[in-house]
Student: 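Next up is a structure, given as structure tokens.
In what follows, chains are A, B, ... by sequence order, proteins preceding strands, each numbered from 1.
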Amino acid sequence: MLPTAYEFHWDTGHIVFLGIFYTVLAVVLSTVVVASLRARRDMNKRRESDIAWHESFAEMSTERRTCRHEFDGTFDAKVCGHEFACGNCEQHRALAAAGGGDETTREATLAAAPAAPATPPDSRLYHRGHTWVEARTDGTYDVGVDDLLRSCIGNPDRVTVPGVGTRLMAGTAVADLQRGHVHAHITTPIAGTVVAVGDYEGGRLYRLRPNDGKARLDQLLRATEARVWMLRELELLQARLTRPGEALALADGGELVDDLMGAYPDADWDAILADLCLEP
Amino acid sequence: METHSKATVCYAMVIDLDKCVGCGTCNVACAIENNVSVPPPEALENRGLTWMRTQRVDNGKAWPDHRTVTVPIPCQHCEHAPCIHVCPVTAVQLDESTGIIGQIPTRCMGCRYCMAACPYHARYFNWFDPKWPEGLQDTLNPDVAPRMRGVAEKCNFCHGRLDRARELAAAEGRPAAEPVHYTPACAEACPHGAITFGNRLEEGGPIAALEKKPEAFRLLEALGTAPKVTYLSREPWIRRIGLSRLDRVRGHGDGPEGA
Amino acid sequence: MTLDLTRRSLLKFMGGAVVGSVLSPLPWKLLDDAAIWTQNWSWIARPPRGPVSHMFTTCQLCPVGCGMRARLIGASFVSAWPVVGDPAAAGTLCPLGLAAAQMRYHPSRVRGVARRARAAADPAWRIVDADATTGELGQRLAACRSRGAGDSIAIVDLRPGRAMSRLYREFLARQGGGIYATAPDAWQASAAAFAGMATVGALAPAPDPARARTVLNFGAPLTAGWRGRDIVPHAAGGPRLIQVDPAATITAARADRWLPARPGSEAPVALALAHVLVFEALAADARVNALADLPHENGSTLRTVLADFAPERVAANSGLTPAQLRDTARELAAGRPALVLGVGDAGGGPLGSEEEAAIWNLNLLLGAVGPDGALGVRPADTALFDEPAGPAARSLSDIPDGSLDVLLVDGSFPGVPVSAEQLRRKLRGPDGLLVALSPYAGGAAGTPADLILPVFAPGEWVEDVPAPALAARSSYSWATAVAVPAPFALHPAEWLAQLEAASGLVVPPEGGKSGHEAELKRRAGVLQSRGSGQVFDPADGNTTDVAAMSDPDLLAGALARGARWSDKATLTLADRDVRPLGQGGGLAARWRSLAGGRADAAKPGATGSLLLMAGGGLAPAAGAITAPVLNKLYRESGLQPGSRQLAVSATTARALGLAEGKSALLTTAHGRRRVKVRFDNSLPPDVARIAAGPDPADMGDPAASADDRTDIPDLCGAAERPVWRLVRADLQEAHDGNA
Amino acid sequence: MDRQLIQRGLDRTTLPRFLLWLLPWLLLAAWGGTSATQLFRDGLYHTNMDNRFAFGLWIILDLAIIALGAGAFFLGFMTYLMRRHEFKQVLNTAVIVGFVCYSGAIVTLAIDVGQPVRAWFAFWHANVHSMLTEVTFCITCYLLVLLIEYIPIVLKNRRLRTVPGATVLEFNLHKLMVVFAGVGAFLSFFHQGSLGGMFGVLNGRPFAYREGVGIWPTTFFLFIWSAISAGPSFIMLITMIVQGVTRKKLVDDFVLSRLGRLSGILLSTYIIAKVADTVVWIMVTLPGKGFDAAEFYRSDMFGAWVLFLELTVFGLLPATILLNRRRVEKMPWLIAGGFLTCFGVAFNRFVFTLQTLSVPTMSFDRFMIYWPSQQEWGVLAGVVAYGVILYSLSFRYLNLFPRERELQTTTGSN
């Protein structure tokens with residue numbers, strides 16, 4: 001194998017055969033090394049959450065990757081191609097510049113939508129991981145869990161939120177709602193430093209101050225979009241919770257049943273909550 | 001005989017089957033000379049080690065027309081040996097200066113590919129740990145390294161004797177290039193003088209003359225392996241045992257039967 | 001700079017170390033060492049080391065006594081090789097001899113005085129105290145002597161004619177008339193049969209195939225027998241060979257003429273040939289013709305007896321045609337000097353005295369005895385060495401059953417065809433003691449013994465080797481000591497002296513080890529003083545006339561270096577010393593009783609469907625001690641079928657419903673044995689052959705010599721009748737697990 | 001208990017039931033382990049191989065599983081280089097099956113050689129002219145590639161992906177997977193071929209010997225061709241078996257049909273080549289070596305039916321089934337076709353190994369037969385069990401079928 005080994009000959013056979021062998025070995029090993037170096041570079045650049053989100057997004061089902069402009073009626077059917085990073089989306093930027101799509105279609109869509117059981121307040125912006133952001137006058141933001149997720153999890157056994165002073169990166173799971181053995185990992189919709197911790201019962205999880213003074217909000221859904229989006233989410237949830245042949249009974253007179261987990265103990269809540277929280 | 005053009009030595013063997021009576025002296029002499037071990041009594045058939053196998057072959061007829069010949073089969077040391085190029089660890093080598101095909105037991109990893117390759121079944125595998133009855137190590141030949149379990153071995157034309165002969169020649173001050181004469185154990189021991197061994201490239205030597213005799217034949221010549229072991233017999237039916245099975249039967253009426 | 005050792009820096013350090021060491025020579029050195037390690041393990045056998053030297057000696061493993069070149073590495077005797085030019089066996093060595101170096105380390109070697117209780121549940125050998133055992137044995141001898149029963153002590157000498165043989169005889173004489181017995185093998189029996197027909201006394205027959213133009217051979221295989229190498233086929237420059245052989249053996253195929261006579265019809269065939277010679281007046285000359293008309297009992301002559309053996313009558317039972325017999329007789333007559341050999345198969349025990357007599361008669365009629373014949377005579381061993389007359393040697397079969405208190409068997413000879421059952425039958429009940437002087441717990445002596453005295457193995461001591469029976473010329477050599485003796489081994493003569501002392505006698509100077517050595521020297525001196533013969537020196541291959549040797553110790557010195565003395569020529573026997581119909585009479589009647597064949601004449605069990613021939617093995621006796629490497633012949637190549645394989649033709653086997661490799665039970669009137677069926681189409685129909693050789697399943701495994709095994713000689717009735725080479729047998733498939 | 005290790009949304013049975021499923025396989029693996037221990041400790045006399053039957057069950061096993069494992073490289077090649085993305089649905093299975101096959105083969109080979117501690121001499125003292133060297137080098141390298149391909153699948157385990165570095169490494173490895181697919185295809189091409197070449201070059205064994213094309217005998221190419229025809233079928237069968245055992249829909253049916261058809265197309269071309277090769281062998285090669293094909297098919301064990309079976313029942317028949325577009329959409333046909341294809345390639349390896357050794361070369365040789373010993377069967381059982389266990393663990397804890405979750409939600413099955 002090596003010229004040092006006894007009875008190695010520098011003949012054509014050895015040169016060709018071992019040449020190919022070492023080439024293959026070199027290709028394989030250098031590819032592994034390249035992958036490792038790139039991984040190291042990504043780690044240094046703190047891109048792990050981006051990559052994790054990238055992976056998760058790829059694994060999400062198509063209906064959960066719907067473009068926000070489907071909610072406002074701009075498109076009939078469109079799958080997001082930018083991992084919900086609307087700021088990177090040419091089309092979104094164009095639409096936003098034009099005033100958020102064709103107003104007539106949008107109004108029509110909204111009118112056609114049935115009243116959502118948990119109508120999102122207009123003052124809030126919504127993240128697809130079922131969190132909301134509400135801007136405060138002092139430049140800080142409140143972050144909370146939306147009603148759909150709340151009604152799913154009911155009364156969590158344990159709520160873990162980041163302590164004051166924690167720096168949060170957008171798109172990373174920062175809080176944990178635990179009920180039984182099921183966890184809902186809450187992804188922070190915006191980055192910043194925690195300035196206050198709220199209480200789950202009050203609906204607010206924590207208060208953030210963006211690190212550079214200004215939060216990136218462009219990928220968050222506005223209440224009008226969120227209304228449609230929430231309905232879709234509810235439909236998906238209903239499909240997940242309903243056994244074949246059983247009547248649909250999630251909503252109770254326009255209000256969501258409070259404790260879906262208690263009502264449907266057999267459902268795979270681990271997976272449902274992960275779906276809702278955009279976890280893989 | 002196309003062979004290594006530069007070499008002046010190419011050892012070869014001629015076995016006269018008309019002289020062989022199947023006494024097995026060659027087998028025992030070979031085993032004694034080359035430290036060939038004895039497998040334990042519970043060993044299956046075909047698990048033994050005999051560098052010189054003696055095969056009984058008959059003409060397939062019933063008594064009283066039945067005829068038998070015993071064919072001593074050492075490694076045939078083929079010119080185009082099927083075993084050399086298959087060995088993955090370079091443990092089988094052709095010595096260009098002698099024509100001997102050697103097996104390096106300390107390098108062999110025991111894959112047995114060479115055994116599958118050999119049409120003469122002249123290679124043997126150490127299925128067992130070679131154990132010698134107590135004290136019997138004292139009768140081993142120091143010129144031949146004992147093998148270990150899990151490696152293949154075969155006849156090497158008594159290479160240990162060749163080395164001794166070379167040492168002797170060197171001690172006597174003969175030039176290294178001069179062909180060395182020696183006799184393998186089987187040829188020395190054969191009580192009927194059926195085995196002739198020597199340098200086939202020697203002008204007027206006995207081997208060259210015997211190989212040219214009309215009664216000379218080789219085993220499976222059509223395979224193109226070009227063995228360096230030649231057999232002699234005046235009996236036509238014996239000369240046909242070197243053919244393949246069907247060729248032997250076809251046109252001659254002698255049904256082949258191994259015994 | 002602060003030293004802050006974190007886990008991370010430790011990992012970095014380790015990673016760096018790994019990378020760094022790969023770039024150092026360390027891993028390559030490790031690989032190299034690993035490669036060397038996988039190639040040299042301490043448990044691989046290590047051959048001895050040391051300077052190479054050679055010593056010359058004589059093989060002691062069979063009566064032929066071939067010359068042997070012992071190769072030594074340091075002091076280790078590692079291998080034996082033939083001696084080119086040696087007069088014995090034309091300078092060749094058989095597989096037994098080639099493996100002689102292994103005999104010292106045979107797994108069945110006894111490492112101390114060993115005893116066993118045969119009746120006990122566990123008849124395993126136990127090492128016992130040597131002195132106490134010798135003392136006990138001595139008291140037994142003393143007791144026999146004191147009650148005047150000297151003849152209840154016997155020694156069976158399997159190799160008569162040695163210096164040790166003389167020591168045995170003298171020992172017995174001093175013990176008050178103990179019996180000195182031999183167990184004749186095929187050759188010795190043949191020589192004895194000749195002695196019965198000739199008033200030769202101190203002369204032994206010496207057939208010399210080299211002087212014959214034609215050899216008629218009754219069954220001796222050229223393939224594996226001891227005699228084979230003497231007879232070179234005609235095609236290779238030897239005499240014309242006529243082979244009488246039931247089977248289409250290689251010898252038969254090579255012979256110039258093959259007579260496929262039925263087994264057991266040797267005597268009628270020989271007599272039919274004699275008939276043709278006499279009645280067609282083909283006999284050598286008037287002198288020889290006169291032999292046929294020598295008057296005998298009741299006025300019968302050889303001519304009148306032979307009248308009953310016309311080829312036409314013999315043909316029916318022998319499977320030959322009258323024409324074949326007549327042609328053969330004419331061929332013999334025309335091919336004079338002709339020689340008829342009757343030794344047969346060395347492994348199969350002796351031919352009967354009737355066959356031998358018929359064969360010797362044929363020789364007489366062919367003029368083999370006479371100045372131009374191929375059959376000479378030579379002095380018997382005792383005569384050669386001027387030995388004083390001691391107790392006469394008796395045949396083992398002549399000792400009455402149940403008559404012996406102590407039976408000593410000289411088993412330093414690992415394998416001769418002697419029946420273990422026969423030996424035991426001679427003992428007086430369970431108190432009788434069978435003592436083997438043998439290196440091995442096996443073989444002819446060790447197998448039936450109660451007590452084994454571990455004597456020297458071949459090559460460990462100096463012993464003399466006289467010429468074998470039927471050798472063409474007298475010869476004498478010493479088996480010199482080429483190996484360091486095992487520490488536990490005894491010198492037989494030394495032990496015999498201890499025994500004698502223990503029996504209350506005073507050991508005379510001619511006893512013991514020194515007595516043995518003195519006898520060897522004396523013999524050398526006698527030969528030199530006779531002044532005849534020549535000495536072959538194996539070291540240089542030269543031959544020297546004894547007459548030219550001046551110093552009286554020269555011959556002894558040459559013998560000690562492995563030289564061989566041999567006589568130059570054979571003697572001629574005078575016609576008047578020959579009596580064709582023997583000395584005692586009754587031969588004619590016995591011949592007539594064999595007209596139907598030997599097996600049918602055998603008393604019991606003449607009902608079997610098969611004719612079972614024993615023999616054909618290289619080692620002559622079942623359970624014989626052979627070197628582990630002989631396995632190559634017995635098991636790995638199948639050249640020597642073992643005693644558990646029964647050869648029959650495919651047709652015969654299929655008629656019995658047996659397939660190749662099937663286990664079957666072989667039953668004779670004397671016992672039965674489990675065998676494996678092996679197809680051998682060289683055999684005629686309804687004939688089976690079994691090897692009286694070692695059992696391959698037992699090779700190198702002394703523990704397997706279980707008592708419940710029937711030896712081939714015993715299976716064939718060797719304990720009851722002198723001729724056991726042929727017996728009627730039945731064969732059926734074995735269904736159960738044990739025989 | 002082990003829920004945290006199982007991918008969210010994948011329905012997996014309870015741990016006790018899973019362990020119960022593993023139990024018989026663990027017992028088989030223990031048998032294999034015991035056998036291997038005996039063989040390593042005492043030597044190969046525990047097998048029933050002998051000097052004539054130098055190769056036995058294990059070589060047949062090695063050849064067969066390596067041929068069947070060809071799906072790994074071939075589907076990788078189809079997915080990454082030919083951009084047939086539908087095969088992505090079974091690619092993870094193909095990688096794991098390939099890994100099992102190749103690692104199993106290497107373990108078996110290590111047991112099979114008489115001196116396992118010298119196995120690395122195949123590299124150290126490599127004889128570059130030996131087909132077995134080519135096999136050793138390629139298999140070892142390819143196993144490395146398979147290991148690298150396996151790593152991302154493992155890193156996507158639910159627990160491991162919470163480790164930030166794991167996801168990043170997985171992401172970066174995955175981006176370069178096309179390189180591994182290419183290298184894997186290259187290596188596999190040569191070792192599948194050299195396994196065939198191993199027999200084709202035996203110029204002393206006319207039964208196996210084949211004429212050369214370039215520096216390789218025809219078996220070199222035939223083995224590649226038959227392996228890639230059987231590979232997709234084997235992955236298809238495995239997927240179906242997993243679907244059957246777990247009673248879940250894991251991949252879209254059309255993927256299975258396409259795998260079957262892919263096999264069918266390749267198999268039909270292979271059979272044409274094989275027939276041509278056989279004809280050349282009978283008409284040209286054998287007469288040149290003084291042999292006649294008839295004498296190889298005269299024993300009780302190996303009659304002419306061997307050749308017939310290989311070419312028709314295991315060749316033409318599955319090829320016709322799998323080539324038909326309508327039939328491959330019907331599961332029973334697909335199963336039958338796939339099974340015959342896979343069995344056919346194993347049978348081909350069996351014939352090349354065993355019949356080569358059992359047919360006589362010299363006129364006085366006998367046909368010989370061989371039956372493996374308990375230890376040989378033990379190693380076989382151990383390797384199969386190892387494969388099942390590794391696959392079961394992978395199936396339970398890794399996300400092998402990307403479409404599984406969606407198919408489960410849409411069909412509503414559990």
Student: With a 4.5 angstrom heavy-atom cut-off, which part of C:R104 approaches chain B: side chain, backbone, both or neither?
Tutor: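 Neither part.
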
Student: Heavy atoms only, distances under 4.5 angstrom: which of B:V151, B:N141, B:N46 has the most pairs with chain C? Name it, please.
Tutor: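 If we count pairs closer than 4.5 Å to chain C, B:N141 comes out on top.
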
Student: Against chain B, label C:A650 side chain, backbone, both or neither, depending on which of its atoms sit under 4.5 Å from a heavy atom there.
Tutor: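 Looking at C:A650, nothing touches chain B.
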
Student: In terms of heavy-atom pairs under 4.5 Å, which option from B:P39, B:A189, B:A31 contacts chain C the most?
Tutor: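 If we count pairs closer than 4.5 Å to chain C, B:P39 comes out on top.
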
Student: Considering only heavy atoms from C-beta outward, does the side chain of B:Y231 approach that of B:I238 to under 4.5 Å?
Tutor: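 When only atoms from C-beta onward are counted, B:I238 and B:Y231 do not touch, as no gap falls below 4.5 Å.
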
Student: Measure across B:E33 and B:V144 and return the closest heavy-atom pair with its distance rounded to 0.1 Å.
Tutor: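 In this case the closest contact between B:E33 and B:V144 is O-CG2, 3.7 Å.
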
Student: Identify which part of B:P105 has an atom lying under 4.5 Å from any heavy atom of chain C, answering side chain, backbone, both or neither.
Tutor: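 Neither part; nothing is under 4.5 Å.
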
Student: Would B:D18 and B:S233 count as having a side-chain donor-acceptor pair, cut-off 3.5 Å?
Tutor: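 Yes, side-chain donor-acceptor contact under 3.5 Å.
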
Student: Sort C:V84 into side chain, backbone, both or neither according to what part of it lies under 4.5 angstrom from a heavy atom of chain B.
Tutor: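 Neither part; nothing is under 4.5 Å.
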
Student: Please classify the contact of B:D143 with chain C as side chain, backbone, both or neither, using a heavy-atom distance under 4.5 Å.
Tutor: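 Just the side chain, heavy atoms under 4.5 Å.
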
Student: Which atoms of B:R67 are under 4.5 Å from chain C, going by heavy atoms: the side chain, the backbone, both sets, or neither?
Tutor: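 Just its side chain gets close to chain C.
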
Student: Is it the side chain or the backbone of B:A185 that comes within 4.5 Å of chain C heavy atoms, both, or neither?
Tutor: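 The answer is both parts of B:A185.
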
Student: Distance under 6.0 Å and angle within 45° of the ring axis: does B:R112 meet both against B:F125?
Tutor: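 Output yes; distance and angle both within limits.
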
Student: Mind listing the closest non-hydrogen atom pair of B:P206 and B:T196 along with its distance?
Tutor: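 In terms of heavy atoms, the two residues are closest at CB-CG2, 4.4 Å.
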
Student: With a 4.5 angstrom heavy-atom cut-off, which part of B:P130 approaches chain C: side chain, backbone, both or neither?
Tutor: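 Contact with chain C is absent: no heavy atom of B:P130 under 4.5 Å.
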
Student: For B:C20, is it the side chain, the backbone, both, or neither that has a heavy atom closer than 4.5 Å to a heavy atom of chain C?
Tutor: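 Just its backbone gets close to chain C.
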
Student: Give the member of B:T68, B:N35, B:T54 that has the highest number of heavy-atom pairs under 4.5 Å with chain C.
Tutor: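 Heavy-atom pair counts peak at B:T54.
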
Student: Heavy-atom cut-off 4.5 Å, strictly under: side chain, backbone, both or neither for C:L72 against chain B?
Tutor: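 C:L72 has no heavy atom closer than 4.5 Å to chain B.
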
Student: For B:E134, does the CD atom sit with more than 12 other heavy atoms under 6.0 Å from it, leaving out its own atoms?
Tutor: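 No, the 6.0 Å shell around CD holds no more than 12 heavy atoms from other groups.
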
Student: Is B:R164 close to chain C through its backbone or its side chain, or both, or neither, when contacts mean heavy atoms under 4.5 Å?
Tutor: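 Only the side chain of B:R164 comes within 4.5 Å of chain C.
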
Student: With a 4.5 angstrom heavy-atom cut-off, which part of C:S682 approaches chain B: side chain, backbone, both or neither?
Tutor: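 For C:S682, heavy atoms of backbone and side chain both lie under 4.5 Å from chain B.
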
Student: What part of C:I73 gets within 4.5 angstrom of chain B, counting heavy atoms only: side chain, backbone, both, or neither?
Tutor: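 Side chain only.
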
Student: Do you know the tightest heavy-atom contact between B:N59 and B:D65?
Tutor: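 So the two residues come closest at ND2-O, 3.0 Å.
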
Student: What part of B:V36 gets within 4.5 angstrom of chain C, counting heavy atoms only: side chain, backbone, both, or neither?
Tutor: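 Its backbone and side chain both get close to chain C.
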
Student: Name the residue from B:P184, B:C186, B:P74 that meets the side chain to side chain contact (heavy atoms under 4.5 Å, CB included) definition with B:I195.
Tutor: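 Considering B:P184, B:C186, B:P74, a side chain to side chain contact (heavy atoms under 4.5 Å, CB included) with B:I195 is found only for B:C186.
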
